Amino acid sequence: MVGSNLVKNLSNSNSVSEIIGSNRKDTNLFSLDETTKTIKDVNPDLIINAAAKVGGILANNTFRTEFILENLKININILEALINFPSTKLINLGSSCIYPLNASIPTSEESLMGGKLEPTNSPYAMAKIAAIEMGNALKSQYGHKIINLMPTNLYGPNDNFDLNSSHVIPGLIVKFYDAIKNGSENIEIWGTGEPKREFLYVDDLSNAVDFLLEKEWEDDLLNVGSGEEISIKELSYLLKEITKFDGDIIFDTTKPDGNPRKLLDSGKINSLGWKSSTSLPAGLQKTFEWYENNY
Ligand code: GFB
């Protein structure tokens, strides 16, 4: 979702003369040789690392080994390959789950490593933290220019709409869509509905990246969020309205809630002059329409 969206949006950017997308078919990031070869062949001014094994709470909590191994390998190979290309800048994308469970809300960049991680996604978070630390090592030792962007929970067209591995928004869109199609009387939401999340429409993240291309990078870690949080219960009622489902919503409390609250302090990027522009209802509407037209 993020990589294809960046290619689409940055193709129209005044700050970019050419953008080259490289997906998993083009470069095997589990191979250091192939990763190095792509960097050597393309010789880019800037790499945006949007590659990751990602998933929702169930996938993260079930495939814990794959989530840490695959993400570590991707990040190790990109950063090790970059050692010999110190003039190639890197924008490295992470996730808000790098911050500790007990971090203050809204969570600022300073909270990193201040406590224990939230258990359902600690393997994924640990791989993302390792990438930040590796980047810092390259910066101090070899002079690389690297910025780590930590977006809040993302959603939008081209997301993963598989019920078992998706994040909450695409998961609920599929559930409402199928319930309407099958005439079901209710849909099931995981957990208590009490947890709160902050969501960012994927175009807004690409817009933040485009915005930063014009800036001098001083911070090595920068949060990117919408600044608004909503409970999963409120989110499900909003989606019920958008999808026009007229049945009931049932909460399956045998499923995990995960982090009770995730809201980033995006004050740093806001003070540079960037703000998200897509409201949650507008983004959800666009994502639902995209799903209806593409599935
Ligand atoms: O989006 P989500 O899977 O990820 O879940 P996290 C958010 C909340 O929605 C949790 C609830 O409290 C879920 O229990 N939920 C309710 C559902 N119904 C559903 C459903 O049908 N599908 C899903 N997926 N959730 C992820 C991390 O955490 O966030 C990743 O696991 C990453 O590592 C990502 O950081 C951004 O926000 O809990």
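Model, not experiment: these values are computed from the prediction. Each ligand, and each atom within it, is numbered from 1 in the order the structure gives. The analysis underlying the following values was restricted to heavy atoms, covering all of them including side chains, and did not include hydrogens, waters or symmetry mates.
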Discussion item. So for atom CG, which belongs to D246, do other residues, nucleotides or ligands contribute more than 12 heavy atoms lying within a distance under 6.0 Å?
Written reply: no
Fill in: Enclosure of M1 CE (heavy-atom neighbours >12, cutoff 6.0 Å)
yes
Discussion item. Students often mix this up, so state it plainly: with edges at 30° and 60°, are the rings of W290 and F161 parallel, tilted or perpendicular?
Written reply: parallel
Worksheet entry | Aromatic plane relationship, Y291 with Y295 - under 30° parallel, 30 to 60° tilted, over 60° perpendicular | parallel
Discussion item. Between F67 and F63, does the ring-ring contact (aromatic ring centres under 6.0 Å, His included) criterion hold? Intermediate values first, please.
Written reply: CA-CA 6 Å; F67 269 82; F63 303 106; 7.3 Å; no
Discussion item. Please evaluate residues D220 and K139 with respect to the criterion side chain to side chain contact (heavy atoms under 4.5 Å, CB included), reporting the C-alpha separation (whole Å), side-chain torsions for both, the decisive distance (0.1 Å), and the verdict.
Written reply: CA-CA 9 Å; D220 57 2; K139 280 167 84 168; 2.9 Å; yes
Fill in: Residues in contact with ligand 1, criterion: heavy atom under 4.0 Å
G55, G56, I57, N60, S95, C97, N121, Y124, N153, S166, H167, V168, L172, K175, I189, W190, P195, R197, I232, P256, D257, K262
